[in-house]
Amino acid sequence: GSIAAPNTWACQRITCLQHHNPKLTTALEVLEKHAQLRDGNSDYSRALAFRKASCVLKSLPHTLTDIHQLRGLKDIGNHSAQVIEDILEEGFSNEVEEILNDPWFIKMKLFSSVFGVGSAIALKWIERGWEKIEDAQNSNDITSDWRVQWGLAFHDDLTSPVLRQEADNLLEVIREEATKLLPGVIVEIVGGFRRGKMSGHDADFLLTHPDEGSEIGLLPQLLQRLQKRGFLLAGQAEKNSFTPGVLKKDFKLSMKGQLDHFEKWIGIMKLPKSFKDKHTDPSSIIMPTPGSDPIDGSLDYQPSRKKAKCGISGLSPWELSRTERAWCARRVDLIISPFSQYYYGLVGWTGSKHFNRDLRTYSQKVLNMKVTSHGLFDFTKNQSIPAHSEKEVFDILKLPYHEPWQRNC
Ligand code: ATP
Ligand code: MN
Ligand code: MN
């Protein structure tokens with residue numbers, strides 16, 4: 001028989017990392033990835049349809065055995081239903097198998113795994129006839145984007161999963177240094193690790209202080225301290241660009257809805273290999289920094305040409321990546337939130353990405369409210385509503401509170 005229809009919105013449902021239908025969701029997420037790579041950022045409706053279906057299956061309390069158990073569920077489109085049916089009946093989906101064996105898909109996935117490379121650049125590389133990462137690494141005519149240069153040089157490091165233990169150890173280092181600069185500072189691991197993942201593609205940290213305004217100027221000083229201790233490899237800082245007006249403006253849901261206005265540092269750090277397998281006393285860690293160049297007052301730390309020497313050691317990213325080293329390059333995001341926006345920021349930076357997207361669409365369509373990482377604007381009351389805890393964000397949105405590990409859609 002058919003099961004009770006779960007709630008319509010993903011943000012109303014509980015979605016855990018471990019669920020009963022991994023075979024089906026893995027297949028649907030291959031189709032999602034394929035659609036993302038094919039359509040780019042301009043049109044994500046096809047990719048979204050597969051993600052929505054996968055998300056419904058993740059929230060089912062049992063393993064799906066019959067397609068009829070999905071009757072009446074609006075998030076399962078025809079295309080997804082067909083794929084699910086094939087797998088239930090044949091054990092596999094031809095369409096998914098073909099994608100997995102498609103040389104174009106394999107190359108697109110490989111190239112877009114480089115930090116700073118999206119589907120547009122990946123496509124260009126394929127058009128040049130490149131097949132392997134080495135083809136891009138060996139090219140002299142490479143983009144000036146610092147992310148791509150470092151992403152290519154450290155591709156092996158950056159595509160090996162960041163472990164929870166590494167993120168926990170780095171959290172202690174960041175907390176220690178940030179607390180010296182600003183006692184009472186709050187530092188939280190966000191992103192996938194907060195949702196309970198044991199590994200991820202990066203480590204995300206959200207910082208704030210209850211005394212609003214005291215967080216201003218923290219990031220550059222924190223970066224300087226981390227630089228002194230040898231943790232920085234390359235990165236770019238962005239200034240805070242939030243103005244209260246943006247809360248009520250741009251009531252438009254797009255891919256750009258992912259971007260926020262917080263002050264942040266997006267970069268690559270050097271984490272000791274010892275961070276992987278043990279709890280390390282953070283005070284004891286000082287990375288060796290051959291010829292330590294101080295940051296020249298600016299926040300950016302991004303030698304801009306492939307052959308340009310890296311400020312830390314006088315080596316190019318490529319040369320540095322080939323040296324004998326006791327550290328691993330890891331993607332790290334540091335985000336600074338004013339306290340009055342913190343709980344919205346915490347929800348936004350905890351994710352998942354699809355949870356956020358669903359939350360925003362739900363808020364707009366059901367509540368006539370716009371929610372972002374900075375706050376919430378109620379268009380019916382024509383005012384913004386503050387939140388003083390994560391639970392309050394859910395209350396304002398008339399949602400049952402779900403713990404971070406229940407937001408893995
Ligand atoms: P992984 O474990 O692979 O890193 P993740 O869920 O942590 O997965 P991230 O890309 O690190 O994914 O993003 C963490 C969360 O922060 C996501 O929910 C995402 O929606 C949000 N996020 C990421 N980048 C931005 C950004 N520039 N502006 C606003 N929110 C962002
Ligand atoms: Mn992350
Ligand atoms: Mn991130």
- Message: Evaluate Q12 against H402 for side-chain hydrogen bond (donor to acceptor under 3.5 Å, both in side chains), listing each step before the verdict.
- Response: CA-CA 8 Å; Q12 296 173 318; H402 289 153; over 6 Å; no

- Could you grab the distance from atom CG of L222 to atom CH2 of W265, nearest 0.5 Å is fine? 10.0 Å

- Do D333 and W349 meet the criterion of a side-chain donor-acceptor pair at a distance under 3.5 Å? no

- Message: Do K52 and W9 form a cation-pi contact, if we require the NZ or CZ to be under 6.0 Å from the six-membered ring centre and within 45 degrees of the ring's axis?
- Response: no

- For atom NZ of K273, decide whether the heavy atoms of other residues, nucleotides or ligands shown that lie under 6.0 angstrom number more than 12. yes

- Could you state the interatomic distance from OG1 (T25) to CZ (F50), rounded to the nearest 0.5 Å? 14.0 Å

- Message: Tell me every residue that passes ring pair (Phe, Tyr, Trp, His ring centres under 6.0 Å) with H261, counting only those two or more places apart in sequence or in another chain.
- Response: H374

- Task: Give a yes or no on whether K107 atom NZ has more than 12 heavy-atom contacts from other residues, nucleotides or ligands under 6.0 Å away.
- Result: yes

- Value rounded to 0.5 Å, distance of CG in L123 from CH2 in W104: 6.5 Å

- Message: Quick one about R407 and S352 (side-chain donor to acceptor, distance below 3.5 Å, no hydrogens or angles considered), yes or no?
- Response: no

- Item | Between CD1 on residue I133 and OG1 on residue T159, distance to nearest 0.5 Å | 8.0 Å

- Item | Sequence-distant partners of F355, ring pair (Phe, Tyr, Trp, His ring centres under 6.0 Å), two or more places apart | none

- Is the closest side-chain heavy-atom distance between W146 and F115 below 4.5 Å? yes

- Can you measure from CG (D43) to CZ (R38) and round to the nearest 0.5 angstrom? 8.5 Å

- Go through the steps to decide whether E97 and S93 satisfy the test side-chain hydrogen bond (donor to acceptor under 3.5 Å, both in side chains), and finish with yes or no. CA-CA 6 Å; E97 295 307 314; S93 151; over 6 Å; no

- Message: What verdict does the side-chain hydrogen bond (donor to acceptor under 3.5 Å, both in side chains) test give for Y401 and E390, after you've listed the backbone C-alpha separation in whole Å, the side-chain angles of each residue and the deciding distance to 0.1 Å?
- Response: CA-CA 8 Å; Y401 180 70; E390 221 178 1; 3.2 Å; yes

- Does the ring of W150 carry R147 above it, NZ/CZ under 6.0 angstrom from centre and within 45° of its axis? no

- Query: Atom CD in E131, atom CD1 in I126: separation rounded to 0.5 Å?
  - Reply: 9.5 Å

